[in-house]
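Have a look at the structure below before the remarks.
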Amino acid sequence: MHSPIEDYALVSDMHTGALISKSGSVDWLCFPRFDSDSVFAALLGEEGHGRWLLAPAPGAGTAEVVQWHYVDSTFVMVTRWHTDAGEVEVTDFMPIGDRRASLVRRITGLSGNVPMRQELVVRFGYGTILPWVSRQTDDGGQAISAIAGPDALALRGQQLPHASHRRHEGEFVVAAGETVDLELVWYPSYRPMPKPMDVETALRETIDYWSGWAASFEQRGQYDPIVKRSLLVLRALTHEDTGGIVAAPTTSLPEHFGGARNWDYRFCWLRDAALTLEAMMTHGYQEEALEWRNWLLRAVAGDPEDLQIMYGVGGERDLPEKTLDHLPGYESSTPVRVGNGAVDQYQADVVGEVMVVLEKLRNRGVEEDSFSWPLQRALLSFAENHFDDPDHGIWEMRGDLKYFTHSRVMMWAAFDRGVRAVREHGLDGHAERWAELRDRLRENILEKGFDPSINSFTQTYGSPEVDASLLQLPQVGFLDYDDPRMLGTVARLEKDLADKHGLLLRYRTEAGMDGLEPGEHPFLACSFWLVEQYARSGRIDDAKKLMDQLVGYANGLGLLAEEYDTGSVRMAGNYPQAFSHLALVRAADAIHGVNSGSL
C-alpha cells in the first residue's frame with residue numbers, strides 16, 4: 001500500500017529531492033537531478049521498483065511515530081519512534097554545499113534498546129534496471145556498491161544490510177545514547193567511489209545553510225510560519241547551479257485517483273517560475289530572482305520563434321513524453337509519464353507572466369544588462385507575431401486551440417510592461433507600437449471575453465464556461481479587484497466552480513475542452529487566488545475564513561500538493577507543488593496588506 005501523499009516529507013539538496021514516508025521508507029528519489037531517472041520508484045509502483053526502508057523492527061513491538069518535523073527552518077527531517085523496546089530518532093537530510101549527491105540517515109537511541117530494520121532495493125531507470133551489487137572494502141571501511149551503466153550508488157555506515165533475494169536486508173539494535181549513521185551516495189560509475197563523509201559536519205552545515213537562508217524572512221502576520229515554509233519549499237525546488245525552478249519534484253501523482261491525469265512536473269515552466277520569483281521577491285529574496293533571470297536568458301536564447309513554455313533544469317529543450325507501462329502507478333493511476341508533451345504547446349500567456357516579473361525586478365532597482373532587455377524585446381516580438389493566434393491556455397488543454405481570455409489578458413500585460421519599460425525606465429523600444437497592440441487587446445477582451453448575459457468574463461471567447469484563471473486579471477492590473485465586472489466574475493466562479501467546501505476547480509472538466517475524461521479535484525492555487533480576491537475587494541472575513549481552511553490542508557510539515565480531495569480528505573497531484581505554495585504566499589500577503597492598511 002502506498003502512503004497517503006500528505007504522509008511524505010521532502011528533503012532536498014537543491015539539485016534533487018527525496019520523498020520519505022512517515023513509516024520510514026524513501027519511496028522516491030532521482031539522482032543526481034530532479035529530472036534524472038529514479039533510483040527509488042516505489043511511490044509509483046511496488047517495493048521491488050526501489051526503496052530504502054529504515055524503521056523499528058518487529059522485535060521492537062508496537063511502534064508509533066510520536067514526532068515528525070523539520071529542524072527549525074530547514075529540510076532536515078526528524079522522525080521520533082516510540083516502541084515497546086524504547087525510543088529512537090531518525091534524522092534524514094541531503095547535504096548542501098559540497099555538490100555531493102547523497103542522502104544521510106542518522107539513527108539516535110533515546111531510551112532502551114530498539115531493534116531497527118533496514119531494507120534497500122536499488123533499481124535504476126525508474127525501476128527497470130537491476131544493478132550489479134557487491135560489498136567492497138577500502139580505506140574508508142566497508143560499503144555496498146550498486147552499479148548499472150553510468151550510474152552507481154554506495155551505501156556506507158556502521159550497520160550495512162545483507163543480500164537477500166535481489167535486495168539487501170538487515171537488523172541492528174540501537175541503544176540509548178548510541179548513534180548510527182548511514183549514507184547513500186550517487187556517483188558516476190566510471191569514477192572512484194566517494195570517500196566517507198563527516199556526517200556531523202555535513203549535518204551542521206546543512207542546518208546552517210537553511211537556517212541562514214530563512215533568517216532574512218521578515219515577520220508580517222499570523223500566517224508567517226506557513227509562508228516561511230512555503231518560501232523554503234520554493235527554494236528547495238530551485239536548482240542550486242542553474243537557477244531553474246521545477247514545478248514539483250515528482251511525476252505522475254494523480255490529479256484524480258485511478259485516472260489518467262498524471263503528469264511529469266520535474267521541469268521548469270516559465271510561468272510557474274516567474275510567479276515563484278514574484279512571491280520570493282516580495283519577501284526580499286532578490287538574488288534568487290537574478291539567478292532565475294540568468295537561467296531564463298540561457299534557456300530561451302536563440303530565435304524567439306523557438307520559445308517554449310518549459311525547459312529542463314539546465315535549459316534543455318527536448319522533453320519528449322513517454323509512458324512507463326511497467327509501473328502500475330500511485331493507487332493504480334495510469335499511465336505513469338516521464339517527459340511532458342505540453343512542451344510543444346503554444347500558450348499565449350507565458351510572455352506576459354515573464355514580462356510582469358521582470359518589471360518587478362526592474363522596479364526594485366535591478367538594472368537591465370546587454371542581454372536581458374534585448375531578450376524581452378524579442379519576447380514582445382514573438383507575442384506580436386502570434387497576436388491573432390489561438391492557444392492551449394494556462395491549463396495546457398489537449399483539445400482544440402481557443403482564444404482563452406486569460407491568455408489574451410496576459411498578452412495585454414506583456415505589451416503593457418514593454419510600454420512602461422520605455423516610458424518609465426528609459427529603455428529603448430517600440431512604445432507606440434506596443435501601446436497600440438495593448439489597447440487593441442483590451443478592447444478585444446472586453447468585447448469578446450466578457451459576457452453581459454452572465455455578468456462575467458469567460459474562459460474562452462464565445463463560451464459561457466468560466467475558468468479560475470480569470471482571478472489573475474486584477475493581479476496584473478487589467479482591471480481593479482472591485483470592478484463590477486470582476487465581482488460578477490467572482491460570483492459566477494463561486495456558482496459554477498466552487499465545491500461544497502468553497503474550494504475552486506480550475507474549470508469544468510465535464511465541458512470536454514481539455515481533451516481528457518472528466519474528473520479532478522479542487523486546485524489549491526485557484527482557491528488561494530480567491531483568498532487574494534476576497535481580501536483586496538473588501539471581503540476580508542471571507543478571505544480569512546478560506547485562508548484558514550486552506551492552510552489547514554497542509555500536512556504537519558507545512559507541505560501542500562497540487563490539489564485537495566475534500567471528499568476523501570487527502571491531497572492529490574504532484575507534491576510538494578510550487579504553484580500551491582507561491583499562491584499561498586500571495587494570499588497571505590493580501591490579507592496582511594488589508595490588516596496593516598498598506599493596500
Side-chain angles (χ1 to χ4, degrees), residues 1-5 7-9 11 16-32 35-58 90 92 101-103 105 116-135 143-155 157 159-172 182-186 189 249-254 257-258 262 264 266 322-338 574-575:
M1 294 290 293
H2 298 97
S3 293
I5 291 171
D7 280 355
Y8 283 96
V11 295
T16 187
L19 291 192
I20 307 173
S21 73
K22 191 179 285 189
S23 59
S25 182
V26 185
D27 287 345
W28 181 255
L29 176 59
C30 302
F31 269 140
D35 53 356
S36 299
D37 288 8
S38 70
V39 298
F40 300 138
L43 181 69
L44 301 176
E46 303 165 351
E47 296 172 7
H49 292 115
R51 72 162 182 167
W52 184 13
L53 174 69
L54 183 62
V90 178
D92 293 306
S102 70
L103 172 62
R105 315 195 75 178
M116 297 292 291
R117 175 172 174 253
Q118 182 178 190
E119 178 182 294
L120 178 68
V121 182
V122 176
R123 295 292 184 271
F124 296 112
Y126 298 107
T128 61
I129 302 174
L130 180 69
W132 180 266
V133 182
S134 62
R135 189 177 292 262
I144 294 174
S145 170
I147 294 176
D151 296 300
L153 284 172
L155 177 65
Q159 299 289 347
L160 298 180
H162 301 280
S164 175
H165 301 97
R166 294 191 170 186
R167 63 187 62 200
H168 280 68
E169 301 175 323
E171 293 190 7
F172 56 92
L182 298 164
E183 183 204 12
L184 186 71
V185 57
W186 176 92
S189 61
T250 56
T251 179
S252 299
L253 289 179
F257 297 107
N262 317 312
D264 193 347
R266 299 171 300 148
K322 65 178 181 180
T323 61
L324 302 181
D325 296 332
H326 66 281
L327 289 174
Y330 183 90
E331 296 195 5
S332 301
S333 302
T334 57
V336 172
R337 295 180 172 94
V338 294
N574 283 306
Y575 167 89

Subject >> Closest non-hydrogen atom pair, I129 against A148 >> reply: CG2-CB, 3.5 Å
Original post:
What distance separates H168 NE2 from I144 CD1, expressed to the nearest 0.5 Å?
Top reply: 4.0 Å
**OP:** Please examine the side chains of L153 and V39, heavy atoms only from C-beta on, and report whether any two atoms are closer than 4.5 Å.
**Re:** yes
Original post:
Which heavy atom of G125 sits nearest a heavy atom of D37, and at what distance?
Top reply: CA-OD2, 3.7 Å
Subject >> 4.5 Å side-chain heavy-atom contact, L19 and L43 >> reply: yes
Subject >> Y330: partners by ring pair (Phe, Tyr, Trp, His ring centres under 6.0 Å), with sequence neighbours left out >> reply: H2
Original post:
Side chain of Q159, backbone of M116: donor and acceptor closer than 3.5 Å?
Top reply: no
Subject >> Distance, nearest 0.5 Å, that separates CZ of R266 from CG of N574 >> reply: 9.5 Å
Original post:
P335 versus N262: any side-chain heavy-atom pair under 4.5 Å?
Top reply: yes
Subject >> Exceeds 12 heavy-atom contacts within 6.0 angstrom, atom CZ of R135 >> reply: yes
Original post:
Do side-chain atoms of D27 reach the backbone of A42 as a donor and acceptor pair under 3.5 angstrom?
Top reply: no
Original post:
Are the side chain of R117 and the backbone N or O of P58 linked by a donor-acceptor pair below 3.5 Å?
Top reply: no
**OP:** Report yes if the side chains of E47 and L53 come closer than 4.5 Å at any heavy-atom pair, otherwise no.
**Re:** no
**OP:** Measure the spacing between CG of L120 and CG of L54 and express it to the nearest 0.5 Å.
**Re:** 11.0 Å
Original post:
Which atoms form the tightest heavy-atom contact between F31 and S36, and what is the distance?
Top reply: O-CB, 3.1 Å
Original post:
Is there a donor-acceptor pair under 3.5 Å between the side chain of Y126 and the backbone N or O of L327?
Top reply: no
**OP:** State the NZ-CG distance between K22 and D7, to the nearest 0.5 angstrom.
**Re:** 4.5 Å
Subject >> From S38 atom OG to H49 atom NE2, the distance as rounded to the nearest 0.5 Å >> reply: 9.5 Å
Original post:
Minimum heavy-atom separation for R123 to G48, with atom names?
Top reply: CG-O, 3.3 Å
**OP:** Output yes when a side-chain donor or acceptor of W52 lies under 3.5 Å from a complementary backbone atom of F40, and no otherwise.
**Re:** no
**OP:** Output yes when a side-chain donor or acceptor of T250 lies under 3.5 Å from a complementary backbone atom of Y575, and no otherwise.
**Re:** yes
**OP:** Nearest 0.5 Å please: distance from the NE2 atom of H162 over to the CD atom of E171.
**Re:** 11.0 Å
Subject >> Side-chain (H326) to main-chain (G45) donor-acceptor, under 3.5 angstrom >> reply: no
Subject >> N/O donor-acceptor pair under 3.5 Å between S145 side chain and S134 backbone >> reply: no
Subject >> Main-chain N/O of V338 paired with T251 side-chain donor or acceptor, under 3.5 Å >> reply: no
Subject >> Atom of L29, atom of G17 and distance for their closest heavy-atom approach >> reply: CD1-O, 3.7 Å
Subject >> Set of side chain to side chain donor-acceptor pair (under 3.5 Å) partners for R105, sequence neighbours left out >> reply: D92
Original post:
Sequence neighbours excluded, which residues qualify as side chain to side chain donor-acceptor pair (under 3.5 Å) partners of S23?
Top reply: S21
Subject >> Distance-minimising heavy-atom pair for L103 and I20 >> reply: CD1-CD1, 4.5 Å
Subject >> Check: R337 main-chain N/O paired with S252 side-chain donor or acceptor under 3.5 Å >> reply: yes
